[in-house]
Amino acid sequence: MPATFCSCPVCLRSLAEGGKSLRMRSCTLLGDDVLIDMGPDIHAQKLKYGLRLDRLKAVVYTHSHEDHQDAYALQLRGTHSCAVHPGIAPEGDVLQLYGDRWVGKRFLSAMGQGVQIDETRFCFHEVQPWQQFQVEGYTFHALRANHRPIAVEDCLIYAITDGKSSILYANDTGELSPEVDDYLAKSGLKFSLVSMDCARGLLSGDGHMGWAEVLKLRERLMAIGAADQNTRFILNHLSHMNDMTHSEWVSFATPYGMEIAWDGLEIEC
């Protein structure tokens with residue numbers, strides 16, 4: 001936001017406010033080498049924040065929507081002339097990709113549509129809900145999101161731990177099912193950080209959460225012992241549906257103990 005072709009009141013206020021109210025498509029970098037989602041703003045994000053994306057070892061996808069899985073960026077990574085890595089042997093220059101089978105289909109489509117793409121520069125791993133997998137020192141717990149009908153795509157969110165601290169990354173989901181609570185309660189994970197979708201703002205949730213749903217999720221995580229008073233709760237994946245600029249969100253949410261994400265936010269857990 002502001003949305004590309006929109007002149008609604010909050011888009012105009014955000015444009016005038018600038019700064020943290022100007023939001024690119026959401027993704028998160030863990031250290032230097034693991035990226036959660038790779039959207040169509042990834043090149044602009046690299047330039048703005050000085051990211052060394054040549055160091056990426058893996059991309060973990062939540063789902064296949066274009067704002068989270070940019071096909072052109074993958075095509076560039078698979079083209080030797082566009083992703084030159086001196087001193088790295090070909091067998092070591094492989095980007096690991098993780099996601100549901102719909103992500104896999106879009107990956108294969110991108111490879112087929114490109115020119116001079118070397119598919120050996122990738123290794124795709126299909127992920128199922130409730131699966132655990134290891135990525136560069138992190139354990140990812142794949143949880144079922146509530147974003148699209150399962151028959152259309154079984155979207156994912158992730159609980160992630162390095163063995164010292166744990167985070168819940170819950171972008172692009174509506175209210176979570178009770179089976180998520182059951183899984184997290186049995187996992188024994190306790191989150192130092194929870195990133196929560198709030199694209200709907202004060203509207204009722206649908207395939208995204210709104211204010212009522214994020215408050216309820218915090219209560220649920222507290223009730224099962226996955227969060228406590230020291231856990232940071234951050235609203236993320238915001239859109240113009242929420243009808244508030246960044247500063248308006250801060251004024252509204254801070255009294256409730258909620259933080260608001262912004263582009264370029266860095267957090268150490």
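Atoms considered below: every heavy atom in the structure, side chains included; atoms not considered: hydrogens, waters and symmetry mates. Note that the numbering runs from 1 along the sequence shown for the chain.
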Quiz item: Can any side-chain N or O of Tyr158 pair as donor or acceptor with the backbone N or O of Tyr61 at less than 3.5 Å?
Solution: yes

Quiz item: Considering all heavy atoms of both residues, which atom of His240 and which atom of Cys11 are nearest to each other, and what is their separation?
Solution: ND1-SG, 3.4 Å

Practice problem: Describe, in one word, how the ring planes of His68 and His63 are oriented to each other, choosing from parallel (under 30°), tilted (30 to 60°) and perpendicular (over 60°). | Solution: tilted

Quiz item: For the residue pair Phe133 and Phe140, does the interplanar ring angle fall in the parallel (under 30°), tilted (30 to 60°) or perpendicular (over 60°) class?
Solution: parallel

Quiz item: salt bridge (charged side-chain N to carboxylate O under 4.0 Å, His left out): which pairs involve residues 119-145, sequence neighbours left out?
Solution: Asp93-Arg121, Arg144-Asp154, Arg144-Glu179

Quiz item: CE of Met38 to CG of Asp67: how many Å apart, nearest 0.5 Å?
Solution: 14.0 Å

Quiz item: Looking at Arg25 and Asp41, does any basic side-chain N land under 4.0 Å from a carboxylate oxygen?
Solution: yes

Quiz item: What heavy-atom pair brings Ile160 and Ile36 nearest, and what distance separates the two atoms?
Solution: CD1-CD1, 3.6 Å

Quiz item: Under 4.5 Å between any side-chain heavy atoms of His80 and Val84, yes or no?
Solution: no

Self-check item: side chain to side chain donor-acceptor pair (under 3.5 Å) partners for Lys105, two or more places apart
Solution: none

Quiz item: Hey, does Pro129 have a side-chain heavy atom less than 4.5 Å from the side chain of Leu156?
Solution: yes

Quiz item: With Trp249, which of Asp243, Asn242, Thr254 fulfils side-chain hydrogen bond (donor to acceptor under 3.5 Å, both in side chains)?
Solution: Asn242

Quiz item: Is it true that a side-chain atom of Gln96 and a backbone atom of Lys57 form a donor plus acceptor pair closer than 3.5 Å?
Solution: no

Quiz prompt | Carboxylate-amine/guanidinium contact Lys164 Asp162, below 4.0 Å | solution = no

Quiz prompt | Ala159 versus Leu184, closest heavy-atom pair with distance | solution = CB-CD2, 4.2 Å

Self-check item: CA sep, side-chain torsions, deciding dist, call: Gln131, His141, side chain to side chain contact (heavy atoms under 4.5 Å, CB included)
Solution: CA-CA 6 Å; Gln131 179 182 343; His141 298 253; over 6 Å; no

Self-check item: Exercise: identify the closest heavy-atom pair between Val194 and Met196
Solution: CG1-CG, 3.4 Å

Quiz prompt | Minimal non-hydrogen separation, Asn171 against Ser26, with atom names | solution = ND2-CB, 3.8 Å

Quiz item: For the side chain of Asp33 and the backbone of Ala58, is there at least one donor-acceptor N/O pair under 3.5 Å apart?
Solution: no

Quiz item: Given side chains that start at C-beta, do those of Leu97 and Leu74 come closer than 4.5 Å, heavy atoms only?
Solution: yes

Quiz item: According to the interplanar angle, ranging from 0 to 90°, do the rings of His208 and His237 count as parallel (below 30°), tilted (30 to 60°) or perpendicular (above 60°)?
Solution: parallel

Quiz item: If you measure from CD1 on Ile167 to CD1 on Ile234, what distance do you get to the nearest 0.5 Å?
Solution: 9.5 Å

